[in-house]
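Here the structure is laid out as C-alpha cells; the discussion comes afterwards.
Residues take their numbers from the sequence shown, with the count starting at 1. Values in this document were obtained by computation on a predicted structure and should not be read as measured data. One-based numbering, in listed order, for ligands and for the atoms of each.
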Amino acid sequence: MLSEVLSLLSNYPHAKILDGTLGLGGYSEAILEAFPGSEVLGIDRDNEAVKFSRERLKVYGSRFTAMLQNFGRLSEIPGIDGYDAYVFDLGVSNMQLALPERGFSFNADGPLDMRMNPDDDSCPTAAEILNNSDAETLTEIFRLYGEERYARKIASAIKRHPPITRTSELVDLIRETLPQPVQRKMGTHPARRVFQALRIYVNNETGELEALLKSLREVSAMREAVILFVSYHSLEDRLIKRAFREWQGEGIGKVLTRHPMTPSPEETERNYKARSAKLRAFFTSRD
Ligand SMILES: C[S@@+](CC[C@H](N)C(=O)[O-])C[C@H]1O[C@@H](n2cnc3c(N)ncnc32)[C@H](O)[C@@H]1O
C-alpha cells in the first residue's frame with residue numbers, strides 16, 4: 001500500500017513524519033525519497049529492525065532517526081506531538097518471518113518464540129503460551145485472533161501432546177489434527193491461522209494498538225496532522241475505524257477514507273500478504 005500512503009501524504013504537510021512501524025525501513029526510505037524536505041523518526045519494538053534500518057538509511061544523515069520503542073508507549077517519545085504525519089504499517093515484517101530462530105514462520109523449523117522484542121523478559125514466548133494455557137484459553141486465542149474454525153480440535157490436540165517447543169512440531173500436529181479434505185479445501189497453509197493468532201496474542205498486538213489510538217487522540221487534538229494505518233486483520237481494522245469515527249464525532253478532524261483503501265490486483269499478485277491490507281486515514285483539524 002506504499003504508493004497509496006505516499007499519495008495521501010502528498011496532500012498534507014509532510015515536514016516531520018513518524019514511521020511507527022519501521023521494520024526494514026521500506027516506508028521510511030520511500031518517504032525520504034518522495035519528500036526531500038522531510039525528516040523521519042522510525043520506531044520499532046524489534047531491536048534487529050532498528051539496527052538494520054539505521055544502517056540501511058544512514059545515507060539520509062540527520063533527516064532519519066531510528067529508535068527502539070513500542071508504539072503503545074508513544075506518549076513517552078520526546079516531542080511526539082510535533083509531527084505532521086503518523087504512519088503505521090501493522091503486523092509482522094519480512095525480516096521477522098525470514099529468520100527461523102525468531103519462530104514466526106510455519107515454513108521453517110525454529111524455536112516457538114514469536115516475540116517481536118525478544119529482550120522483553122516480561123513477554124511470554126509462543127511455546128510458553130501453548131504449554132501453560134488450558135484448552136479453553138487456547139481455543140479462545142485461536143478463534144479470536146486466527147478466526148480458526150477448528151480452534152477447539154487443535155487446542156485439545158495440543159493439550160494431549162507433550163510440551164511443544166518447535167515451530168515444526170506445531171505444524172506437524174496441526175497437519176495430523178485437521179482432516180485431509182479440510183486441509184485440501186483451505187487454500188492456505190493449514191497452520192497459518194494458528195500462527196497468526198499466537199503472534200497477535202504473544203505480542204499483545206490489539207492491546208498495544210488500543211494504547212496507541214488513545215495516545216494519538218491526545219496528540220492529534222493539539223495540531224493538524226495526518227494519521228495513516230495499514231492493517232491486515234479485521235479486529236485491528238475495526239478498532240481503527242471506530243477510533244476515527246469517534247474522533248470525527250468529537251470534532252477533532254475528519255476521516256479521509258470513508259471506505260478503507262485496498263491494494264491493487266497487481267500488488268496482491270506480487271505480495272500474498274497484501275491481499276488483506278486495509279488503509280485508513282484521518283486528518284486532525286478543528287474547522
Ligand atoms: C509490516 S512491518 C513494517 C514494514 C515496514 N513498513 C517496511 O517498509 O519495511 C511491521 C513492523 O512493526 C513492528 N511492530 C509491531 N508492533 C509494534 C509495536 N507495538 N511497536 C513498535 N513496532 C511494532 C514489527 O516489529 C515490524 O517490524
Side-chain angles (χ1 to χ4, degrees), residues 1-6 8-9 17-34 40-57 60 64-77 80 83 85-99 101-105 113-120 122-123 126 145 195-196 198-216 219 227-233 235-237 239-240 263 267 270-280:
M1 303 292 299
L2 182 53
S3 52
E4 290 84 354
V5 165
L6 291 177
L8 275 165
L9 285 177
I17 296 177
L18 177 90
D19 178 353
T21 49
L22 179 59
L24 298 171
Y27 274 34
S28 282
E29 182 181 37
I31 290 167
L32 289 158
E33 281 295 313
V40 175
L41 169 64
I43 65 165
D44 204 294
R45 74 197 294 193
D46 184 337
N47 205 20
E48 290 302 315
V50 172
K51 283 193 281 185
F52 178 89
S53 295
R54 185 177 286 142
E55 183 59 26
R56 186 160 105 79
L57 303 182
Y60 295 98
F64 175 74
T65 311
M67 184 192 280
L68 179 67
Q69 183 58 280
N70 185 328
F71 61 53
R73 299 168 70 166
L74 194 80
S75 53
E76 293 176 15
I77 299 175
I80 193 60
Y83 286 77
Y86 301 81
V87 181
F88 302 90
D89 175 26
L90 301 177
V92 65
S93 77
N94 288 340
M95 180 163 73
Q96 288 161 337
L97 286 171
L99 295 171
E101 66 270 25
R102 301 293 302 271
F104 287 100
S105 173
D113 189 323
M114 295 201 194
R115 286 170 301 167
M116 286 182 175
N117 178 357
D119 301 325
D120 180 356
S122 67
C123 179
Y145 301 119
F195 270 64
Q196 171 186 293
L198 279 172
R199 190 206 82 220
I200 293 176
Y201 187 78
V202 163
N203 293 290
N204 185 24
E205 289 181 37
T206 42
E208 300 300 352
L209 176 60
E210 280 172 323
L212 168 65
L213 288 165
K214 235 174 158 177
S215 301
L216 282 172
V219 160
I227 298 173
L228 304 181
F229 272 101
V230 179
S231 68
Y232 301 86
H233 193 288
L235 253 180
E236 290 172 340
D237 183 56
L239 289 174
I240 297 159
E267 182 169 1
R270 259 197 336 267
N271 174 5
Y272 182 79
K273 188 184 150 199
R275 79 204 181 286
S276 51
K278 291 206 165 86
L279 168 57
R280 290 189 186 270

*Donor-acceptor pair, side chain of Gln96 and main chain of Ser93, under 3.5 angstrom*: yes
*asked:* Is there a side-chain hydrogen bond (donor to acceptor under 3.5 Å, both in side chains) between Tyr60 and Glu33? Walk through the geometry before answering.
replied: CA-CA 9 Å; Tyr60 295 98; Glu33 281 295 313; 2.4 Å; yes
*Does a side-chain heavy-atom distance below 4.5 Å link Tyr86 with Leu228?*
no
_Under 4.0 Å from ligand 1 - residues by heavy atom, chain and number_ = Gly20, Thr21, Leu22, Gly23, Leu24, Gly25, Gly26, Tyr27, Asp44, Arg45, Asp46, Gln69, Asn70, Phe71, Asp89, Leu90, Gly91, Val92, Ser93, Gln96, Met116, Glu208, Lys273
*Are any of the side-chain heavy atoms of Glu208 and Asn203 separated by less than 4.5 Å?*
no
*To the nearest 0.5 Å, how far apart are CG in Leu209 and CZ in Phe229?*
5.5 Å
*With sequence neighbours left out, write down each residue that passes side-chain hydrogen bond (donor to acceptor under 3.5 Å, both in side chains) with Tyr145, or none if nothing qualifies.*
none
